[in-house]
Every structure is written in structure tokens, then in C-alpha cells.
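What follows is one structure encoded as C-alpha cells, with my remarks underneath.
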Amino acid sequence: MAEQSIISPENLVYKKTGVMTDRELHYCPGCGHGTAHRMLAEAIDELGIQSETIGVAPVGCSVLAYYYLNVDMQEAAHGRAPAVATGIKRVLPEKYVFTYQGDGDLAAIGTAETIHACNRGENFLIVFINNGIYGMTGGQMAPTTLPGMKSSTCPLGRDVLTMGNPLKITELVAQLPGTYYVTRQSVHTPGNARKARRAMKKALEYQKENKGTCVVEVVSNCPSGWKMNPVESNKWMEENMFPFYPLGDIKVPGKGLVSDGKNGS
Amino acid sequence: MKKEIRLMKGNEAMAEAAILAGVDAYFGYPITPQSEIIEYLMSANTAERTGMQVLQAESEIAAINMVYGAAGCGKRALTSSSSPGISLKMEGISYLAGAELPCVIVNVVRAGPGLATIQPSQSDYFQAVKGGGHGDYKLIVLAPSTVQESVDFIRLSFDLAFKYRNPVMILSDGIIGQMMEKVELFEQQPRLSEPPEWATRGKKPGAKSTVITSLHLESEDMEQVNLRLQAKYREVEKHEVRFELFRCEDAEVLFVAFGSSARIARKAMDLARSKGIRAGLLRPITLFPFPVEEIRRLAGQVSGMLTVEMNAGQMVEDVRLAVNGRTPVEHFGRFGGMIPGPDEILEALETRLEEWHQKQPA
Amino acid sequence: MAAKGDIIIDIERCKGCQVCLDACPKDVLEMSRKVNSKGYQYTVKVNSDCTGCANCAIVCPDAVISVYRVK
């Protein structure tokens with residue numbers, strides 16, 4: 001007996017949110033950026049704030065984030081997204097403002113802008129994608145590249161004695177009085193992606209209360225830069241990135257610091 | 001309502017003018033000789049007076065990018081700095097020009113290169129007029145020579161910035177920024193109420209999202225953007241040239257000088273006249289667009305031109321381009337923070353006069 | 001018995017990353033033998049065990065999966 005199709009509008013339980021555009025994403029197969037974009041878009045959708053949100057795109061792989069996120073956006077110079085977001089939020093304090101930045105943008109060239117925006121407690125959300133590599137320029141060492149990890153500018157592996165140590169900037173900004181909610185998530189499994197979406201939603205809700213900067217780090221993969229297939233890269237991320245960048249809340253409202261980021265590293 | 005007349009320092013007068021002009025936000029970083037601007041704004045209770053936001057940023061780089069963010073929302077955003085700080089802002093200025101955002105940048109010029117000295121100079125002419133940041137772009141550049149103009153140009157700059165969706169630079173210097181003069185302030189202007197349609201203010205339901213960017217990955221698109229920018233600059237050249245002439249009707253020699261130097265050159269012109277030399281003065285008020293046509297016209301009348309600049313010879317190149325060989329063009333300058341006196345300017349003119357007269361066609 | 005859940009895959013947008021295969025608790029998904037116009041193998045549904053849990057759709061970086069479930 002032929003099965004009766006259940007595909008009908010009343011049975012639809014999940015489709016791409018309208019806060020994403022219909023444009024095809026340019027990211028490499030399996031890259032976490034697409035999922036991270038969508039979790040942010042779903043958080044905006046669930047809160048019903050699409051028309052009150054202004055985002056800031058970085059320089060890096062997500063330089064074209066405004067092709068995909070269906071909200072008003074500004075494209076910032078490399079590393080300057082927190083300064084641009086400061087300018088937006090100061091003149092339009094009633095809007096929801098976020099930056100979406102990679103590790104090179106946020107933790108290398110934009111370190112000063114990141115730390116000072118967090119220290120002033122600017123009321124916006126920073127979404128920080130940490131995949132430990134410069135993806136856009138072809139896989140060079142990032143401020144968050146793990147010790148011993150290979151990249152095109154540390155082909156023998158990162159030697160911390162000459163190249164410096166990976167920067168745990170999320171733990172660093174959690175120390176600042178201006179940050180309100182700081183958490184580290186991932187989007188590589190359904191459970192993790194749902195948690196990341198909840199974190200971003202919470203962070204956007206806090207923005208209404210003017211409590212300070214919220215930072216949601218997403219530890220993510222870079223299959224092309226890491227030279228692995230997507231499934232392998234997610235496994236490698238669990239085994240190597242998570243011990244150094246442990247998932248979970250780092251600073252939560254009402255409790256303050258709940259993690260020192262030292263587990264396992 | 002009677003207009004208010006006050007004795008004010010150039011920097012403070014510009015700060016007050018910004019409040020009166022209905023500026024929405026100022027972002028800056030202290031640097032001599034312009035720190036009075038942010039100090040004044042921070043003490044002026046702008047939040048209560050007009051709602052203007054004032055923030056001391058962590059760097060000049062952050063400040064210009066805050067301007068970008070606020071300008072992208074269609075607000076009147078202002079920053080100020082002095083030479084080394086303006087160098088730091090150049091990245092952001094290029095992005096502002098590329099994204100076609102209106103804003104005003106004040107440069108109270110000090111000497112260079114490098115850290116140099118805090119004394120006044122005009123050595124950022126090239127940087128202001130020829131670019132400074134990367135790419136083919138132009139700033140509209142206004143050069144005040146009095147505290148009064150410093151005040152008036154704040155308001156004019158925002159009008160021009162929004163008219164052309166382009167950054168405007170006020171190229172002041174350490175003399176005008178620091179000296180006190182009598183100024184007539186204008187009446188309080190309202191802050192902008194209606195956002196321009198290109199601004200990011202939150203996507204309207206059903207409408208396409210608004211994006212502020214200077215990124216155009218396809219070369220065909222990027223060329224079109226450049227062509228549109230160039231067409232805009234040609235419009236600016238056609239409509240916005242501003243200059244002032246002193247005793248040019250019968251002039252046989254011409255001084256060309258802007259900003260502070262123009263005031264000193266005017267004195268040198270008077271000295272020359274008292275010695276029987278029929279000198280005139282052209283003071284460019286807009287450095288871009290440059291008064292090319294007027295200089296070209298005067299080239300047919302005078303036997304030579306002398307630019308007076310507090311630099312090693314920068315504007316002189318634009319005067320020569322305008323004159324295109326029709327009459328000799330020379331430069332006299334003091335620099336490194338040294339200010340030329342009228343006597344030495346006159347002397348510089350006299351040493352060239354004989355040579356110029358010999359070159360005159362019989 | 002009719003299936004409890006089902007999915008529609010926009011195969012032209014699929015990049016064949018296989019992240020959804022790992023996420024599916026019922027082993028409903030496999031890679032196609034054919035390739036799409038971009039040259040990628042794409043995800044296909046190979047049995048009727050789909051429960052409509054949406055795990056595949058949530059982890060899909062390219063948002064190519066829509067999910068249906070009898071409520």
C-alpha cells in the first residue's frame with residue numbers, strides 16, 4: 001500500500017527562517033558559519049525583532065553576512081565592528097545591535113575595539129566565531145590557533161615560544177565589569193546548535209535591559225583550512241578545540257564568573 | 001532673536017557650533033592642539049541641551065569607526081583630531097567615502113612628519129586633498145582662516161556632507177584652533193528627525209534590508225561604483241567651489257594662500273602695495289573642489305603667482321596645474337611649526353619679481 | 001502505517017557535507033550516487049523511519065532541509 005504523504009503546510013515543523021535570505025551561502029561545505037548565521041536569525045525571529053535589529057559584519061569569511069542575514073546591516077573595516085556597533089547603539093539605543101566576528105577580526109586586529117566596547121559595557125551582542133584559523137585568506141594562523149596546530153603560516157605547528165599563545169579572549173572579556181553574559185557554544189550537533197540559539201536569544205533579550213555587553217562565542221570548524229572533511233573536522237574540534245576552549249557559560253547574570261576556562265587545558 | 005556674539009577659542013567655538021548645528025554624535029580621542037573640542041563637548045551637557053551623544057573612544061581608529069556606525073544610521077556624526085591622529089583615521093575615512101556616508105572630520109593640523117611637534121602647520125594639504133587613505137576618493141575640504149569661519153563651516157560641512165553623501169574635512173590648523181576671536185554664533189538648529197532612506201534603521205516589514213558597505217567583489221560592479229563616485233566629485237567641482245579675492249582687480253602679482261597663511265599673506269599684500277607693487281591675494285576656501293577656473297583666469301592677468309603655505313610646497317602643485325604654464329608659479333613656505341612673517345613673504349615676492357618681469361612678453 | 005515524519009531536501013543547494021547524516025538518529029539519510037549541478041553529491045532519504053525530529057535540518061549549514069511531522 002502506498003504511503004500517504006504527510007508533506008503539507010499544516011505538518012511543516014522546520015524550515016529556514018525568514019530572517020535568512022534566499023541567497024545561497026558561499027561558505028565551504030560543512031562550515032559552521034551557515035548554522036551559526038541561522039541560529040542567530042532564528043533567535044531574532046523568535047523574539048520578533050527583525051525590523052528593530054541592526055547588525056555589523058566583519059572582515060573575514062563572514063564579510064558577506066549581510067547577503068544571508070535579512071536585517072539591516074553595516075559592513076565594518078577589519079576588527080572595527082565593535083566600534084561601528086558602538087556608533088550605531090549610541091545614536092539608536094532602542095534598536096537591537098549585534099556584531100558577527102571571526103577570531104582574526106575580534107581577537108587579533110580588533111582586540112582593542114573588542115576589549116574597550118566590553119569594558120564600556122556597550123549594550124550589544126557580540127557573536128564570536130572561533131575556528132582557530134584565518135579561513136578567508138587561505139588558512140593562516142589565528143590568535144586562537146591551538147599550540148602545535150598547523151596552518152599555512154605555522155606549517156610545522158604553532159610554536160608558542162616564538163609565535164605566542166592562543167588568546168582566550170572570551171575569558172578575558174568576561175573579567176571586565178562591562179560584560180553581562182558571556183558564554184561559549186558550538187553549532188555542530190543538533191543539541192549544541194539549539195543551545196547556541198538559546199544563548200543568542202537570551203543575549204538579545206538582555207539588550208533590552210541595558211545591562212552591558214553580551215558575548216556568545218561559537219567554537220566552530222574550518223574543514224578547508226584544517227584540511228579535513230566536515231565530519232572529521234567536527235570530531236577533531238571536539239577532541240582538540242573543546243578541551244582548550246571548554247563549552248558552557250563563563251559569566252552569567254546574577255552569578256558572575258562561573259568558569260575560568262581552565263578545564264582540560 | 002538676537003544672535004549671540006562671544007569671544008571664543010577656535011576649537012571651543014567649533015565644539016559649540018557642533019551643538020548648535022544639531023549634530024547627533026561626536027566621537028574623538030585627545031590630541032594636541034585640538035583636545036579642547038572634546039573637553040568642551042564633555043562639559044557642555046549636550047545630552048540635556050540637544051541629546052547629542054559624546055564619547056571619548058579608545059583610539060582615533062575606534063572614533064572614526066564609531067562615526068561610520070552613527071553615519072550609517074543617517075545621523076550627523078563628527079570627529080576631530082590632529083595630524084598623527086588623522087593618519088590613524090585614514091582607513092575609516094576611506095571606508096566612509098567608499099560607503100558614501102556623510103560625516104565631518106576636523107583636522108587641527110600640527111607639524112609632521114611623524115610625531116613632530118604640536119605647533120601649527122599646513123603640511124596635511126596633500127593628505128586631505130589628494131586622498132590619504134586607499135582608493136580613488138575625494139573629501140570635500142574646507143579651510144577656515146578665522147574662528148568665525150570655523151563656526152560657520154561646521155554647519156556648512158554637514159549640509160555638504162548630506163547633500164553629496166560624502167565625508168567633509170575641515171582643515172584647520174594650530175593657530176586657528178588655539179586663538180581667540182570674536183564670533184557670532186548661529187541659532188540652535190534642530191537635530192535630524194527624518195532618517196534618509198539609505199540609512200540602516202531596522203528593516204521595514206516587506207522591504208529589502210538596507211546594507212551599508214564599500215565591498216563590491218565583482219570588478220564590473222566596483223568600476224561602476226568608482227564611476228559614480230567620480231561623477232559625484234565632478235558635480236562637487238561644478239557647484240561647490242568657494243574662494244575669496246583681495247585686490248585682484250588691478251593685481252600684477254598674486255599671492256595664493258589658505259587658512260592662517262592667507263591672513264599673513266594679506267598683510268604681506270598690504271606691505272607690497274605700500275611699496276608700489278600691485279599685489280593681490282586669492283584665498284581658496286574649498287581646497288577640494290579647488291578654484292581652478294579663477295586661478296586660470298588670473299593667470300592671464302598677473303606676471304607671476306606666489307603660494308604661501310606652512311609646508312614644503314603642496315598647494316603650489318594644484319596652482320601650477322590650474323595655471324598650466326601660462327605664468328610662473330612659485331612657493332614660499334615655513335614649516336615644522338614655524339610661522340612665516342609678512343616681511344619675509346614680501347622679501348620672497350620681491351626676489352622673484354624681477355625675474356617674472358623679464359619673462360613678460362614685450 | 002503512514003510515516004510520522006518526512007523531509008524535503010533542496011538537492012541543488014546541498015553541498016554534500018554529510019553533517020546531517022551524523023545528526024540523524026534513525027539513519028534515514030545517505031549520500032546520492034549522482035551529483036547536483038554544482039558537482040556535489042547530495043543527501044537523500046533512503047527509508048521511511050523519519051520521525052520529523054528536525055535534527056538534520058538544524059545542523060545543515062546551508063539550510064536545505066524542510067521538516068514535516070504529523071502532530
Side-chain angles (χ1 to χ4, degrees), chain A residues 1-39 41-42 61 68 186-197 220-224 228-235 237-238, chain C residues 1-32 34-71:
Chain A
M1 192 179 106
E3 281 182 13
Q4 198 187 336
S5 172
I6 65 158
I7 291 175
S8 59
E10 69 272 18
N11 288 335
L12 182 66
V13 289
Y14 191 90
K15 72 172 177 97
K16 192 173 69 178
T17 161
V19 183
M20 293 285 284
T21 66
D22 280 333
R23 221 164 158 145
E24 280 187 52
L25 290 100
H26 73 274
Y27 301 112
C28 305
C31 172
H33 268 306
T35 315
H37 281 7
R38 189 159 34 83
M39 292 307 112
E42 287 178 5
C61 284
Y68 317 120
S186 82
V187 293
H188 70 305
T189 69
N192 287 100
R194 287 186 176 102
K195 276 166 79 175
R197 179 181 58 206
S220 196
N221 61 346
C222 180
S224 299
M228 297 172 198
N229 74 43
V231 175
E232 278 169 11
S233 75
N234 283 336
K235 194 158 179 288
M237 178 172 72
E238 287 178 348
Chain C
M1 190 186 90
K4 209 173 156 228
D6 204 350
I7 56 173
I8 293 177
I9 303 160
D10 185 349
I11 58 171
E12 273 306 310
R13 287 182 172 224
C14 178
K15 293 174 185 163
C17 74
Q18 306 190 21
V19 173
C20 56
L21 271 61
D22 250 24
C24 177
K26 296 285 183 185
D27 296 326
V28 172
L29 303 171
E30 274 184 24
M31 296 314 289
S32 65
K34 290 183 187 163
V35 294
N36 62 20
S37 64
K38 285 201 280 283
Y40 289 122
Q41 286 180 287
Y42 48 86
T43 300
V44 288
K45 193 174 148 245
V46 293
N47 60 43
S48 311
D49 297 342
C50 178
T51 61
C53 74
N55 278 3
C56 56
I58 285 171
V59 295
C60 174
D62 294 282
V64 307
I65 304 173
S66 303
V67 184
Y68 296 81
R69 185 170 64 226
V70 180
K71 287 164 196 167

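A quick note: this is a predicted structure, and the numbers were derived from the prediction, not measured. Every chain is numbered from 1, with letters handed out A, B, ... down the list of sequences. Computation of the quantities below employed the complete heavy-atom set of this structure, encompassing side-chain atoms and omitting hydrogens, waters and symmetry-equivalent molecules.
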Tell me, out of [options], who's got the most heavy-atom pairs with chain C below 4.5 Å.
options	answer
A:M39, A:R23, A:H33	A:R23
A:E24, A:R197, A:K15	A:E24
A:L25, A:I7, A:N192, A:N229	A:I7
A:P9, A:A193, A:C31	A:C31
A:V187, A:T35, A:T17	A:T35

Might you point out which heavy atoms bring [X] and [Y] nearest each other, and give the distance in Å?
X	Y	result
A:H26	C:K15	C-NZ, 4.1 Å
C:S66	A:L12	CB-CD1, 4.2 Å
A:V231	C:D22	CG1-OD2, 3.6 Å
C:V59	A:H188	CG1-O, 3.9 Å
A:P29	C:C17	C-CB, 3.7 Å

Heavy-atom distance under 4.5 Å to chain A: side chain of C:C53, backbone, both or neither?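 For C:C53, backbone heavy atoms alone lie under 4.5 Å from chain A.
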Tell me, for C:L21 versus chain A, whether the close heavy atoms (under 4.5 Å) come from the side chain, the backbone, both or neither.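 Interface part for C:L21: neither.
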For [X], is it the side chain, the backbone, both or neither that has a heavy atom under 4.5 Å from a heavy atom of chain C?
X	answer
A:E42	neither
A:M20	neither
A:D22	both

May I ask you to decide if C:D62's main-chain N or O and A:R38's side chain share a donor-acceptor pair within less than 3.5 Å?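 No, because the side chain of A:R38 does not come within donor-acceptor range (under 3.5 Å) of the backbone of C:D62.
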Among C:A54, C:C60, C:G52, who wins on heavy-atom pairs under 4.5 Å with chain A?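 Answer, by heavy-atom pair count under 4.5 Å with chain A: C:C60.
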How long is the straight-line distance from OH of A:Y14 back to CD1 of C:I65, given to the nearest 0.5 Å?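 So the gap between those two atoms works out to 10.0 Å.
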Heavy atoms under 4.5 Å from chain A: which residues of residues 23-32 of chain C carry them?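 Residues of residues 23-32 of chain C touching chain A at under 4.5 Å: C:A23.
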Under the criterion side chain to side chain contact (heavy atoms under 4.5 Å, CB included), I'd like the reasoning laid out for A:V13 against C:Y68: C-alpha separation, chi angles, the key distance, then a yes or no. CA-CA 5 Å; A:V13 289; C:Y68 296 81; 5.7 Å; no
Go through the steps for C:V19 and A:N234 under the test side chain to side chain contact (heavy atoms under 4.5 Å, CB included), then give the verdict. CA-CA 9 Å; C:V19 173; A:N234 283 336; 3.9 Å; yes
Side chains of C:V70 and A:E10, heavy atoms from C-beta outward: is any pair under 4.5 Å?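 Side-chain contact under 4.5 Å: no.
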